[in-house]
Amino acid sequence: NAGVTQTPKFQVLKTGQSMTLQCAQDMNHEYMSWYRQDPGMGLRLIHYSVGAGITDQGEVPNGYNVSRSTTEDFPLRLLSAAPSQTSVYFCASSYRGQGNGYTFGSGTRLTVV
Amino acid sequence: GNSVTQMEGPVTLSEEAFLTINCTYTATGYPSLFWYVQYPGEGLQLLLKATKADDKGSNKGFEATYRKETTSFHLEKGSVQVSDSAVYFCALIEPGTASKLTFGTGTRLQVTL
C-alpha cells in the first residue's frame, strides 16, 4: 500500500519555466488537495478536488492549475514559475466526510531562481 | 472565517518532561479537530483527532480533548522522548467545506537528553 506518492522530491526551476508536480494515491479516496508550506505560515490550501472531474480553488490558487481526470491522480501545474512559488508542496487525500483525517505525501521541495 | 491559533515555538523540553501545546480555534459551526505531526524531512502524519465536543483523541501517549466552551484542543503528553522531536500542527475541518483543512502555523518541539 503506497499511500500518497509525490514526484519529484526536489526541483529547481528558472523564473518563467513551467512544470507539473505529480500526485497519485492508491486508497480510492474521493478527496484530494494540494498545500504549500512556508516558514511561519503553516500549510495553505492551493486547490482541492472532491472527485474525478471536480476541482475548486483554495486559499492561494493564483499561478497554479489542477485537473482530476481519474480518482487516483491529481497533478499540480505551475504555469510560469515565480520566486514567490519557492516552497514545499504537499498533496493529501481523504475519504469523504468531515471527520476523516487526510493522508499526506512526503512533499516536493521547489526552488525558483 | 475559520482559523487556528497555536502557541509559538520552539518548545524545548528535557526527556520525560510533561508536554502541553496550546491550540485554540475559531469556527462558525462544529468542526472536527486534528493534530498532525511532521518529522524532519517528512510529510505530515495524522496523530489524533476528535469529531465532537468532549471527545478525547489519543495516540502514542499523546492526548487532546475537544473543549467547545473554550474552543480549544490542547495537545498533551505525560513523558516526552527524544523521538517526539518534530513540528506539531493543529487543524480543523468545518462542516460543509468539502473537508478543507485549516492549519495552525505549527509548533516545533525539541526534546533533549
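In the text below, chain A, chain B and the rest are named by the order of the sequence lines, each starting its count at 1.
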What part of F90(A) gets closer than 4.5 Å to chain B, counting heavy atoms only: side chain, backbone, both or neither?
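For F90(A), side-chain heavy atoms alone lie under 4.5 Å from chain B.
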
Contacting moiety of L45(A), where chain B heavy atoms sit under 4.5 Å:
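For L45(A), the contact with chain B is made by the side chain alone.
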
Smallest separation among heavy atoms of Y35(A) and K100(B), with atom names:
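Residues Y35(A) and K100(B), closest heavy atoms: OH-C, 4.4 Å.
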
[X] with [Y], same ILVMFWY side-chain cluster at under 4.5 Å:
X      : Y       : result
Y39(B) : Y89(A)  : no
W34(A) : V88(A)  : no
M7(B)  : Y66(B)  : yes
Y48(A) : Y64(A)  : no
M32(A) : F103(B) : no

Roughly how far, to the nearest 0.5 Å, is CD1 of I93(B) from OG of S94(A)?
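The distance works out to 6.0 Å.
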
When heavy-atom pairs shorter than 4.5 Å are enumerated against chain A, which of Q38(B), Q45(B), E8(B) gives the highest number?
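When all of Q38(B), Q45(B), E8(B) are compared, Q38(B) has the most.
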
Under a 4.5 Å heavy-atom cutoff, which of E42(B), K49(B), K52(B) has the most pairs with chain A?
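Heavy-atom pairs under 4.5 Å are most numerous for K49(B).
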
Which one of Q37(A), R109(A), K9(A), R44(A) has the most heavy-atom pairs closer than 4.5 Å to chain B?
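Highest number of heavy-atom pairs under 4.5 Å: Q37(A).
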
Assess whether atom CZ of F18(B) is packed by more than 12 heavy atoms of other residues, nucleotides or ligands within 6.0 Å.
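Check passes, neighbour count above 12.
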
Any side-chain heavy-atom pair from Y36(B) and L43(A) closer than 4.5 angstrom?
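Counting from C-beta outward, Y36(B) and L43(A) never come under 4.5 Å.
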
